[in-house]
2 protein chains.
Amino acid sequence: MIQNAMSVAMAEVIAQRFHLLADPTRIRILDALRGNPLTVGALTDEIGTSQQNISKHLGLLHRAGIVAREKDGVCVHYRIADDTVFELCEEVCGGIHRHLNGLQTMMDEGVAR
Amino acid sequence: MIQNAMSVAMAEVIAQRFHLLADPTRIRILDALRGNPLTVGALTDEIGTSQQNISKHLGLLHRAGIVAREKDGVCVHYRIADDTVFELCEEVCGGIHRHLNGLQTMMDEGVAR
DNA sequence: CAACTTGTCAACTGTTCAGTTGTAGAGTAA
DNA sequence: TTACTCTACAACTGAACAGTTGACAAGTTG
């Protein structure tokens, strides 16, 4: 029972973390920050959505410790604070590839279930 | 531009994969399947939600190739098909710990920003 | 100082989705 | 054969959330 209670809470925390990465706009933001720190304005130009929207997503990522920020006059530079998120993305891509390969194999063998 | 277009589609696929793990019930299902294959009924008992709900989540995980299933009379046994999802969970737990440690350090140093 | 730029926040809206309710089909036992 | 168990699917509902609109504060420039 105690183990069960902890598992529920843990699952919730883990799910929330995954949820931060379960949005294409946020993934693209993180990808854009992979090379260099960028301002909200630069991200707005690069991602092609509104500045308020970018700011909102960055706020979520910052509060979770995934990005860090630095004020610079009127500008704020954001940079990656936890770069293991890229390892997560790569692992997820691996899983997608394996799944596609499995489907491909199945179709090639003419086995449809 | 071409790079940009691919990045949008990739981000979408990656986000969808993360989304499958961004739900506490599905995380608990995967955790329950970590040891041995289980039936829908057994998972229903263990997780404590309805059978139809469990079946629905399992359907999503199965279509994504994360779990596999095997019919056995009236029962269906589900098992983990892609166990790298546990590596993903562990990495995410690492990120959570780092974040909490960072907050702890900040509070200990009496620096609140 | 006023005008402008930059970024954050609140409120709103429409879409998505987890959980629930209901049901039907497959398999098994009596 | 009927009755029961097990599972998957459809339809529904309310909560969550991504994107948008509006507003405001901080910083910079002329």
Side-chain angles (χ1 to χ4, degrees), chain A residues 7-9 11-33 37-79 113, chain B residues 7-9 11-33 37-79 113:
Chain A
S7 188
V8 173
E12 183 65 44
V13 171
I14 294 171
Q16 279 174 25
R17 193 80 170 180
F18 274 121
H19 188 264
L20 288 171
L21 300 172
D23 176 71
T25 302
R26 287 200 285 277
I27 289 178
R28 290 174 63 210
I29 288 172
L30 294 171
D31 191 49
L33 290 177
L38 293 169
T39 60
V40 178
L43 283 166
T44 299
D45 292 339
E46 175 140 1
I47 304 290
T49 187
S50 76
Q51 174 231 38
Q52 292 95 319
N53 194 23
I54 293 286
S55 175
K56 186 171 183 174
H57 284 300
L58 286 169
L60 293 175
L61 295 170
H62 179 248
R63 249 166 274 135
I66 295 175
V67 299
R69 64 189 181 195
E70 212 164 337
K71 198 104 182 258
D72 178 21
V74 293
C75 294
V76 182
H77 282 86
Y78 282 85
R79 66 175 190 274
R113 288 188 206 171
Chain B
S7 186
V8 173
E12 183 65 44
V13 172
I14 293 171
Q16 279 173 25
R17 193 80 170 182
F18 274 123
H19 188 266
L20 288 171
L21 300 171
D23 175 71
T25 301
R26 286 199 285 276
I27 290 178
R28 291 174 62 209
I29 287 172
L30 293 171
D31 191 48
L33 291 176
L38 293 169
T39 60
V40 179
L43 283 165
T44 300
D45 293 339
E46 174 142 358
I47 305 291
T49 186
S50 75
Q51 172 257 345
Q52 294 93 320
N53 194 22
I54 293 286
S55 175
K56 186 171 185 173
H57 284 301
L58 286 170
L60 293 175
L61 294 170
H62 178 248
R63 251 165 273 135
I66 295 175
V67 299
R69 62 189 182 194
E70 212 163 337
K71 197 103 183 260
D72 180 19
V74 292
C75 293
V76 184
H77 283 83
Y78 282 85
R79 67 178 189 272
R113 286 187 207 173

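Reckoned from all heavy atoms, side chains included, excluding hydrogens, waters and symmetry mates. The structure presented is a predicted model; accordingly, all values stated were derived computationally and were not measured. First the proteins, then the strands, lettered A, B, ... as listed; each starts at 1.
- The CG atom of B:Asp45 sits 10.5 Å away from atom CD of B:Gln51, with the distance rounded to the nearest 0.5 Å.
- Comparing C:dT8, C:dG19, C:dA26 against the side chain of B:Val74 picks out C:dA26 as the nearest.
- Between the C1' atom of C:dC17 and the CG atom of B:Leu60 lies a distance of 10 Å, rounded to the nearest Å.
- Listed pair B:Thr25 / C:dG19 meets the phosphate criterion, a side-chain N or O lying under 4.0 Å from OP1 or OP2.
- Protein chain B touches strand DNA chain D; the 5'-most and 3'-most nucleotides with an atom under 4.0 angstrom of its non-hydrogen atoms are D:dC6 to D:dA11.
- The side chain of A:Arg63 has C:dC9 as its nearest neighbour among C:dC9, C:dG7, C:dA18.
- Distance B:Leu21 CG to C:dC17 P: 15 Å, rounded to the nearest Å.
- Between A:Tyr78 and C:dT8 there is a side-chain N or O to OP1 or OP2 distance below 4.0 Å.
- The CG-C1' distance, from A:Leu43 to C:dT8, rounds to 15 Å in whole Å.
- Side chain of A:Thr44 to backbone of A:Val40: a donor-acceptor contact under 3.5 angstrom is found.
- The line from OG1 of B:Thr49 to NZ of B:Lys56 is 11.0 Å long, rounded to the nearest 0.5 Å.
- Residues satisfying the side-chain contact (heavy atoms from CB on, under 4.5 Å) test with B:His57, not counting sequence neighbours, are B:Asp23, B:Thr25, B:Arg26, B:Ile29, B:Asn53.
- Judged by closest nucleotide on DNA chain D, B:Val76 is the one of B:Lys56 and B:Val76 placed further toward the 5' end.
- Nearest heavy-atom pair across A:Glu46 and A:Arg28 is O-NH2, 4.3 Å.
- Between the C1' atom of C:dA18 and the CG atom of B:Leu20 lies a distance of 13 Å, rounded to the nearest Å.
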Report all side-chain donor-acceptor pairs from residues 11-22 of chain B shorter than 3.5 Å, counting only partners two or more places apart or in another chain.
| unit_1 | atom_1 | unit_2 | atom_2 | d |
| --- | --- | --- | --- | --- |
| B:Glu12 | OE2 | B:Gln16 | NE2 | 3.2 |
| B:Arg17 | NH1 | B:Ala64 | O | 2.9 |
| B:Arg17 | NH2 | A:Gly95 | O | 3.3 |

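- In this structure, CG of B:Asp72 is placed 12 Å from P of C:dG27, rounded to the nearest angstrom.
- What separates CD of B:Gln51 from C1' of C:dT21 is a distance of 12 Å, to the nearest Å.
- Using a 4.0 Å cut-off, some side-chain N or O of B:Thr49 falls inside it from OP1 or OP2 of C:dT20.
- Applying the side chain to side chain contact (heavy atoms under 4.5 Å, CB included) test between A:Leu58 and each of A:Ile66, A:Val76, A:Leu38, A:Leu43 identifies A:Leu43 as the sole match.
- The interatomic distance linking A:Gln52 (CD) with C:dA11 (C1') rounds to 13 Å, in whole Å.
- Of the candidates C:dG7, C:dA18, C:dG22, C:dA18 carries the atom nearest the B:His19 side chain, counting heavy atoms from C-beta on.
- Protein atom CG of A:Leu58 is 14 Å distant from nucleotide atom C1' of C:dC9, rounded to whole Å.
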